[in-house]
Amino acid sequence: MIPYRVNAEVEVNRAGLRDSLQRMATLATNVSGPAAWSIGGDGLTLSWAGMTDTVAGAGRGTAVALLHRDLMRRIERIVSGGGTIRVAIAGEALQVGPTSLTCERRDTTPPQLLAMNARPVDVLRLHVTQTPETLEHAGIREAVDEARQSLQRSSAAAAKALAWLDVGAEDVQAWILGRLAGTGGARPQIVVVDGAGQVALFDEGARERS
């Protein structure tokens, strides 16, 4: 890995960091999206799956790193033992003790759009309630894309059972996305997906009147 200049670093209590990681891993059984590691004046703040916790420490600089959810589940082993541990953000690397982990550096902590233990349907709902830019900034665009792929597979399976009614996979997806957008599927909807993958919903009657 190419060495980067350290953007920010902090020395925190190992036990405090380990307790925070264990608590988050226990409570966040269904997690979509990365965890934000924010180094600042108060120490180290972890934000993950709708939870936020700060471990007091002393250091220098201010920076934010997004750590992939899979790495977040394994990092607890790195902070075993006692004493203190150095946490640093250097370019695209999050350094926890002697271990360097690939991360995505940010200038500010992204918003947490998912509550603790969000369900897959909650992740999919963000596709119709948030802009692609917001999803990208929050670091959960990948999770939303995975939810959309699951929707496509489920819609294809449902369409096979409804083929005798001339219902296709696109019809199933349109109804589900309309329901998630808050229309409840009560009125016919036209679903338009633009080049960025964002969904727009139009009332059928409005189109006929236009």
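Just so you know, residue 1 is the first one in the sequence shown, and it goes up from there. In what follows, every heavy atom counts, from backbone to side chain, and hydrogens, waters and symmetry copies are set aside.
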If I take atom CG from residue L126 and atom CZ from residue R141, how far apart are they, to the nearest 0.5 angstrom?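 Between atom CG of L126 and atom CZ of R141 there are 12.0 Å.
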
Distance in Å, L67 CG paired with L46 CG, rounded so as to fall on 0.5 Å steps: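 So the gap between those two atoms works out to 9.5 Å.
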
Could you tell me if the side chain of [Y] sits less than 4.5 Å from the side chain of [X], heavy atoms only?
X: T52; Y: S47; value: yes
X: L44; Y: S20; value: no
X: L94; Y: S100; value: no
X: N13; Y: R18; value: no
X: E146; Y: E142; value: yes
X: W37; Y: I75; value: yes
X: R60; Y: V6; value: yes

Would you mind writing out the side-chain donor-acceptor pairs for residues 154-161 within the sub-3.5 Å range, not counting sequence neighbours?
| unit_1 | atom_1 | unit_2 | atom_2 | d |
| --- | --- | --- | --- | --- |
| S154 | OG | S150 | O | 3.1 |
| S155 | OG | L151 | O | 2.8 |

Counting only heavy atoms not in D42, do more than 12 fall under 6.0 Å of its CG?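 No.
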
Does any pair with a residue in residues 46-59 pass salt bridge (charged side-chain N to carboxylate O under 4.0 Å, His left out), and if so which ones, sequence neighbours excluded?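 Output for this query lists R23-D53.
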
Grab the two heavy atoms, one from D107 and one from R105, that are nearest each other, plus how far apart they are.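 That would be OD1-NH1, 3.9 Å.
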
With salt bridge (Lys or Arg N to Asp or Glu O under 4.0 Å) as the criterion, how do E104 and R106 come out once you've worked through the C-alpha distance, each side chain's angles and the decisive distance to 0.1 Å? CA-CA 7 Å; E104 182 180 348; R106 296 292 181 88; 2.9 Å; yes

Report, one line per pair, each donor and acceptor closer than 3.5 Å where one atom sits in a side chain of residues 82-91; sequence neighbours left out.
| unit_1 | atom_1 | unit_2 | atom_2 | d |
| --- | --- | --- | --- | --- |
| T84 | OG1 | E11 | OE2 | 2.9 |
| R86 | NE | E9 | OE1 | 2.7 |
| R86 | NH1 | Q95 | OE1 | 3.2 |
| R86 | NH2 | E9 | OE1 | 2.9 |

